[in-house]
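Counting from 1, the numbers follow the sequence of the chain as shown.
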Amino acid sequence: MTSHTRSQEANLTNVELAAEKLVDKESMPRSVVFNFPWWIHPLWPALLFVSLIVASGFMVDSDSYSLWKVPRYVSSDLTLTAAISGLAFAIGLAVTTSTSSRNKSLRCVLSPTIIARCGRIATITFALTLVGYFFWIAFAIGRGASVEDFAAIIRLEEGSVGRLKRLSPPVAGLTTITQLGPVCIAMRVFLRRVGLREKNYQIYTVIAFALFRSFFYGERLAIIEVIIPVVVVFSVVSAEEKSRTRSRLVNFLAPLLAVPVLWSVFAIFEYSRSWLYYRNVVDSSFFEYISTRLLGYYVTTINNSSLYHSILSGRAHDPFFTFPVLWEAPGLPSVLGGGMVDGIGARIWWSNTLVNYANPEFNNEGTFLISDADLGTMGSVVYWLIIGVFIGFLYSSLRRGNIAGLIAYSVSFIGLLEIVRITYWVQGRYFPMVIAMLFIVYALNRPNDLRPTNRTIIR
């Protein structure tokens with residue numbers, strides 16, 4: 001036998017061994033542990049932010065609102081009205097989470113088929129996310145966006161972000177599928193925690209596009225939407241065979257780091273969005289300016305919703321801000337109409353209202369008083385009770401060690417953190433995630449000859 005032949009046989013043997021190792025790696029069941037830090041429970045953030053709404057309604061006076069150049073519209077009665085709907089939301093959460101397990105951790109044994117399906121789900125949602133960004137870029141170019149528009153933002157020119165946003169608004173049904181990015185990243189991080197580190201480029205690509213949106217379009221929510229699922233999944237899931245010390249450290253530090261991380265993210269993107277202008281107008285440091293402006297985004301929200309309530313409560317109008325997804329979904333506006341208030345589009349009406357009566361730079365409409373004005377107090381209570389039941393159901397599914405529940409709750413958790421400003425779960429940007437959730441439930445529970453299971457052992 002020649003040396004060349006022996007070399008070929010040796011190479012073939014190495015390839016076969018590598019293939020066997022790969023097959024074994026993918027075909028072996030895997031165990032993971034689901035941990036449940038206290039702050040993951042939806043009641044904690046819900047009660048915290050509802051309390052902040054009530055506190056700001058009672059404690060922030062007219063002189064304080066002058067910091068943000070708005071008159072004070074909120075009153076004690078309106079604050080109590082908002083608290084009623086907030087309480088209904090908390091009750092809905094409490095009812096559906098009261099039956100969930102009280103165990104601190106749960107060991108899950110995942111079949112190879114379940115793991116393979118999770119990988120395919122991550123890849124499909126990743127591909128669709130890229131398609132959405134392709135359409136967004138293509139539409140932007142078609143509407144006249146150029147390299148110079150992006151260069152102007154990089155040069156931090158005043159007003160450059162606004163110009164680009166006007167040239168490339170999102171297109172319902174096409175660019176909206178970029179919102180599958182959070183689902184992809186949540187599933188891919190879950191697989192990493194299981195021990196499968198293939199296709200990590202999907203995580204980095206989704207984060208890169210989210211950063212792109214946040215910087216060039218001033219859409220800070222885009223990066224927050226992909227970071228929150230990473231934090232939730234990383235905190236909940238850990239590989240059983242590894243030490244969970246790091247996970248415990250993350251679980252402990254996450255609530256403590258929330259405010260400084262929020263401030264930092266806000267400051268980074270607000271620099272080009274408003275500081276470039278206001279640094280020549282206001283007599284304050286960058287730290288003071290950012291802190292005041294960030295606080296203003298939250299404090300002025302209940303004031304804005306009080307203004308909305310005082311104008312529209314008891315009047316006929318489309319409940320656009322209570323059900324925005326109905327007017328933002330493809331095809332539905334032609335059936336429901338344009339979402340009108342006083343004969344004009346609801347968003348245009350709201351912008352005009354802020355210009356005339358408040359400060360358009362702080363344009364968040366709010367949550368509890370909006371639904372109360374749109375639906376009446378009883379309708380608002382039912383509305384928030386249903387939302388609370390829905391979020392509580394997702395959490396209970398997570399507590400059972402359900403993968404679909406983990407992914408769904410991780411991408412929904414941001415709604416709890418944003419409940420002061422917007423009702424995230426009825427926004428058009430959330431709808432693609434709901435479709436993805438239903439697909440994940442079907443895919444992971446679809447029977448076949450192998451009958452894959454997701455067995456759990458309570459610890």
Side-chain angles (χ1 to χ4, degrees), residues 53 56-57 60-82 85-86 159 161-162 165-166 169-170 172 218-221 270 273-274 277-278 292-328 333 336-377 379-380 383-384 418-424 426-429:
I53 291 174
S56 65
V60 181
D61 57 20
S62 298
D63 291 339
S64 298
Y65 277 110
S66 66
L67 287 172
W68 303 288
K69 301 177 181 178
V70 295
R72 187 176 189 268
Y73 296 106
V74 63
S75 64
S76 298
D77 289 343
L78 287 175
T79 301
L80 290 175
T81 300
S85 293
V161 173
K165 289 176 72 173
R166 288 190 293 272
E219 193 179 345
R220 287 182 296 265
L221 191 58
E270 197 66 22
R273 192 177 189 182
S274 66
Y277 170 77
Y278 277 106
T292 302
R293 195 168 181 85
L294 176 60
L295 183 62
Y297 271 103
Y298 289 91
V299 173
T300 60
T301 297
I302 188 172
N303 198 55
N304 286 348
S305 58
S306 297
L307 171 62
Y308 181 98
H309 193 280
S310 64
I311 295 175
L312 291 183
S313 180
R315 291 177 52 191
H317 64 280
D318 290 333
F320 176 88
F321 293 107
T322 298
F323 302 103
V325 65
L326 296 181
W327 280 274
E328 293 175 349
L336 300 175
M340 310 296 285
V341 178
D342 287 345
I344 60 176
R347 292 201 186 278
I348 297 175
W349 174 86
W350 180 239
S351 297
N352 294 341
T353 300
L354 292 176
V355 169
N356 293 326
Y357 301 104
N359 186 343
E361 293 188 11
F362 300 98
N363 57 4
N364 296 309
E365 65 272 6
T367 51
F368 300 119
L369 285 177
I370 299 298
S371 57
D372 191 274
D374 288 348
L375 307 176
T377 299
S380 181
Y383 172 84
W384 282 103
E418 292 285 359
I419 200 169
V420 174
R421 300 192 311 112
I422 58 173
T423 309
Y424 180 78
V426 295
Q427 303 295 317
R429 65 190 306 128

Closest contact, heavy atoms only, Arg421 versus Thr301: CA-CG2, 3.8 Å
Under 3.5 Å: donor-acceptor pair, side chain of Ser380, backbone of Gly376: no
Close side-chain approach of Tyr298 to Ser56, heavy-atom, < 4.5 Å: no
Val70 versus Asn359, closest heavy-atom pair with distance: CG1-CB, 3.3 Å
More than 12 heavy atoms of other groups within 6.0 Å of Ile348 CD1: no
Side-chain H-bond candidate by donor/acceptor type, Tyr308 with Asp374, under 3.5 Å: yes
Interatomic distance, Asp77 atom CG to His309 atom NE2 [nearest 0.5 angstrom]: 10.5 Å
Side chain to side chain, Ile370 and Thr322, heavy atoms closer than 4.5 Å: yes
Donor-acceptor contact present, side-chain Trp68 to main-chain Thr292, <3.5 Å: yes
Check against side chain to side chain contact (heavy atoms under 4.5 Å, CB included), Phe321 and Leu312: CA-CA 12 Å; Phe321 293 107; Leu312 291 183; over 6 Å; no
Side chain proximity check, Trp350 to Val341, heavy atoms < 4.5 angstrom: no
Heavy-atom donor-acceptor pair, Asn304 side chain to Phe362 backbone, under 3.5 Å: yes
Pair Ser66, Asp63: side-chain N/O donor-acceptor within cut-off below 3.5 Å: no
Inter-residue atom distance Leu221.CG - Arg429.CZ, 0.5 Å rounding: 4.5 Å
Where Tyr297 and Glu361 come nearest, the two heavy atoms and their spacing: OH-O, 3.7 Å
Step-by-step side chain to side chain contact (heavy atoms under 4.5 Å, CB included) determination, Asn363 to Ser351: CA-CA 8 Å; Asn363 57 4; Ser351 297; over 6 Å; no
Exercise: identify the closest heavy-atom pair between Ile419 and Ile53: O-CD1, 4.3 Å
Nearest non-hydrogen partners of Gln427 and Pro324, listed with the distance: NE2-CG, 3.7 Å
Side-chain donor/acceptor of Asn303 to backbone N/O of Tyr73, under 3.5 Å: yes
Qualifying residue for side chain to side chain contact (heavy atoms under 4.5 Å, CB included) with Ile302, from Leu78, Val60, Asn364, Val74: Val74
Short side-chain to backbone donor-acceptor contact, Ser313 and Ser310, under 3.5 Å: no
Evaluation steps, ring pair (Phe, Tyr, Trp, His ring centres under 6.0 Å), between Tyr383 and Phe323: CA-CA 10 Å; Tyr383 172 84; Phe323 302 103; 5.5 Å; yes
From OG1 (Thr300) to NZ (Lys69), nearest 0.5 Å: 13.5 Å
Nearest heavy atoms of Arg315 and His317, plus distance in Å: O-ND1, 2.8 Å
Heavy-atom donor-acceptor pair, Asn356 side chain to Asn352 backbone, under 3.5 Å: yes
Spacing of OG1 belonging to Thr367 relative to CG belonging to Asp372, to within rounding of 0.5 Å: 11.0 Å
